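Inspection log for the structure reproduced underneath, given as structure tokens.
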Amino acid sequence: MPVSRKTKKPQVLIVAPSFDILGGQAVQAARLLERLNQEPGLEVGFLAVNPRLPGVLRKLQTIKYVRTVVTSIAYLASLLTRVRKYDVIHIFSASYFSFLLAPTPALLVGKLYAKKLLLNYHSGEAKDHLQRWRRSAIPTLSLADVLIVPSAYLVRVFAEFGLHAEPIVNLIETDRFRFRERPTLRPVFLSNRNFEKHYGVDRVLRAFATIQKRIPEARLIIVGDGPERTPLEELARDLNLHNVEFTGRVGHERIVELYDSTDIFLNASEIDNQPLSLLEAFACGLPVVTTDAGGIPDMVVPEKTALVVPRGEYEQLAASALRLLNDSTLAKSMIDQARLECRKYGWGVVREQWLNLYHELAAGSDARQVKPDHKVVVSTSCR
């Protein structure tokens with residue numbers, strides 16, 4: 001039921017990474033902020049968890065270890081200055097040390113100022129995070145008035161630890177991507193994940209090695225950056241791969257071009273939640289071959305919107321990609337159904353959920369307080 005909006009405009013502060021940090025959180029925060037700024041019934045601000053220091057002090061952020069200390073101090077100062085001016089603090093969250101350095105201070109400062117706190121947890125590593133950090137993470141999460149996650153998968157994970165979470169799916173702006181019909185698929189592949197071990201880009205390379213043995217002219221474009229870049233480039237050389245391009249980090253316009261210029265999307269993640277890159281591939285008309293990591297089974301239908309293989313099985317990833325190349329009927333059907341699937345992630349779907357939640361929290365409702373509750377009903381509304 002929509003919340004009455006006759007009271008004053010809720011003032012919402014989004015606390016999240018800026019684009020200086022690679023990842024889906026920064027993308028989601030930017031998309032949401034842009035949309036919310038167009039809503040006349042809200043006043044919205046943004047606070048980066050990774051603020052840039054001014055002038056010559058910025059050089060300190062180029063020094064390892066020193067960077068973490070000075071950025072954390074600047075971030076905490078921003079929190080203490082700005083949080084008190086808002087009604088609702090919408091905090092984006094990842095896991096492990098990122099959880100400790102970014103959302104935890106925001107939750108504590110928010111509590112200090114008696115603000116309503118919305119924790120928006122995105123990491124596919126949630127289960128391991130909560131198992132390893134149970135004594136600190138669960139009490140910290142319980143400081144939030146509401147816990148929002150983008151997938152039914154994370155709803156189930158938090159329920160295992162006695163925490164009630166509600167799903168609001170990631171936002172995908174389909175009008176910002178270019179859909180292209182692909183009546184005949186070319187052996188031109190795309191990977192678009194950060195270079196972290198759990199995203200399995202190494203397995204994409206191994207799958208491509210199998211593909212290239214069958215189709216020597218096959219090409220692979222790998223978008224992304226991160227700590228695994230050097231090992232991945234070395235692996236490509238060790239596998240004697242050719243026609244492989246590492247683009248590094250790219251902006252929106254360039255990634256749209258790359259989606260448009262390729263024909264099959266490969267994803268081999270070991271741990272995942274609701275990867276935006278899969279939704280973007282759907283929007284652009286790329287058929288997807290992916291592993292079944294984390295929340296991916298909640299966002300795809302095997303054989304209908306994607307081909308799905310078990311985690312770690314890069315030979316099956318290769319076989320499924322070759323199958324698509326040889327079955328144009330299957331490929332076209334998947335492309336069409338995946339494009340329809342994107343409608344579930346549009347602003348028209350999630351808008352009322354966010355607005356109702358902000359108004360409810362600003363009005364002072366305590367009904368959604370996050371606390372241990374083992375009688376949690378797990379929602380599957382974002383399937």
Side-chain angles (χ1 to χ4, degrees), residues 12-30 32-33 36 44-51 67-69 71-151 154-155 157-158 161-168 170 196 271 273-274 354 357-358 361 368-372:
V12 179
L13 179 65
I14 293 179
V15 180
S18 73
F19 280 124
D20 287 345
I21 296 178
L22 289 171
Q25 283 193 73
V27 173
Q28 277 300 293
L32 185 61
L33 183 65
L36 293 175
V44 184
F46 176 74
L47 191 157
V49 304
N50 53 319
R67 173 174 57 242
T68 300
V69 173
T71 301
S72 296
I73 292 172
Y75 170 53
L76 181 59
S78 295
L79 286 170
L80 290 168
T81 303
R82 298 189 59 198
V83 163
R84 60 186 177 82
K85 302 175 184 178
Y86 291 85
D87 304 313
V88 178
I89 314 303
H90 179 160
I91 306 160
F92 279 68
S93 176
S95 53
Y96 306 125
F97 283 103
S98 175
F99 178 82
L100 182 64
L101 293 173
T104 297
L107 288 166
L108 293 172
V109 172
K111 277 296 179 187
L112 175 67
Y113 289 125
K115 302 301 180 180
K116 290 297 181 179
L117 303 175
L118 186 167
L119 189 73
N120 196 182
Y121 194 103
H122 285 260
S123 175
E125 298 173 290
K127 188 168 186 175
D128 187 66
H129 175 208
L130 295 179
Q131 285 174 337
R132 292 173 180 267
W133 296 37
R134 182 187 295 264
R135 291 184 179 180
S136 60
I138 292 177
T140 303
L141 287 163
S142 297
L143 295 174
D145 294 284
V146 61
L147 178 58
I148 297 295
V149 295
S151 66
L154 284 186
V155 172
V157 168
F158 281 106
F161 294 88
L163 293 168
H164 176 68
E166 301 177 34
I168 300 180
N170 281 325
E196 305 278 352
I271 299 172
N273 177 29
Q274 191 180 85
W354 284 122
L357 184 52
Y358 293 143
L361 288 170
R368 307 175 96 122
Q369 180 71 37
V370 176
K371 49 187 151 183

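Here the structure is a predicted model, which means the values were calculated and not measured.
- Note that CG of L79 and CG of L13 are 8.0 Å apart. Values are rounded to the nearest 0.5 Å.
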Given the rule in the side chain to side chain contact (heavy atoms under 4.5 Å, CB included) test, do F46 and L36 qualify, once you have shown the distances and angles that lead to the verdict?
CA-CA 11 Å; F46 176 74; L36 293 175; over 6 Å; no

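- Side-chain contact between D87 and Y358 is absent, with no heavy atoms from C-beta onward closer than 4.5 Å.
- L33 CG to I14 CD1: the interatomic distance, rounded to the nearest 0.5 Å, is 5.0 Å.
- Note that OH of Y113 and NZ of K85 are 10.0 Å apart. Values are rounded to the nearest 0.5 Å.
- L147 contributes atom CG, which lies 12.0 Å from atom CG of L117 (distance to the nearest 0.5 angstrom).
- Looking at every heavy atom in both residues, N50 comes nearest to T71 through CA-CG2, 3.9 Å.
- Using a 30° and 60° split on the angle between ring planes, W133 and H129 fall in the perpendicular class, above 60°.
- Checked by atom type, the side-chain pair D128/Y96 shows a donor-acceptor distance below 3.5 Å.
- Judged purely by atom type and a 3.5 angstrom limit, Q274 uses its side chain to pair as donor or acceptor with the backbone of P150.
- Rounded to the nearest 0.5 angstrom, S95 OG and L100 CG are separated by 11.5 Å.
- Residues K111 and L143 share a closest heavy-atom pair of CE-O, 2.9 Å.
- In plain terms, the two heavy atoms of A102 and P105 that are nearest each other are O-CD, 3.2 Å.
- Contact of the V109 side chain with the I89 side chain is not registered, since no non-hydrogen atoms from C-beta on lie closer than 4.5 Å.
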Given L32 and H90, is the side chain to side chain contact (heavy atoms under 4.5 Å, CB included) satisfied, shown in steps?
CA-CA 11 Å; L32 185 61; H90 179 160; 3.5 Å; yes

List the steps, then state whether side chain to side chain contact (heavy atoms under 4.5 Å, CB included) holds for L112 with V83.
CA-CA 10 Å; L112 175 67; V83 163; over 6 Å; no

Mind running side chain to side chain contact (heavy atoms under 4.5 Å, CB included) on W354 and I148 for me, showing each step along the way?
CA-CA 10 Å; W354 284 122; I148 297 295; 3.8 Å; yes

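- No side-chain donor-acceptor contact under 3.5 Å links Y86 to the backbone of V44.
- Test V15, L361, V12 against L118 for side chain to side chain contact (heavy atoms under 4.5 Å, CB included) and you get one pass: L361.
- Nearest approach of I271 to G124, heavy atoms of both residues: CG2-O, 3.2 Å.
- Looking at H122 and N273, their side chains never bring a donor and an acceptor atom within 3.5 Å of each other.
- The aromatic rings of Y121 and F99 sit tilted relative to each other, their planes meeting at an angle between 30° and 60°.
- Atom CG of L357 is separated from atom CD of E166 by 7.0 Å, given to the nearest 0.5 angstrom.
- Of all heavy-atom pairs spanning P103 and S98, the tightest one is CD-O, 3.2 Å.
- For A106 against I91, the heavy-atom pair with the smallest separation is CB-CD1, 3.7 Å.
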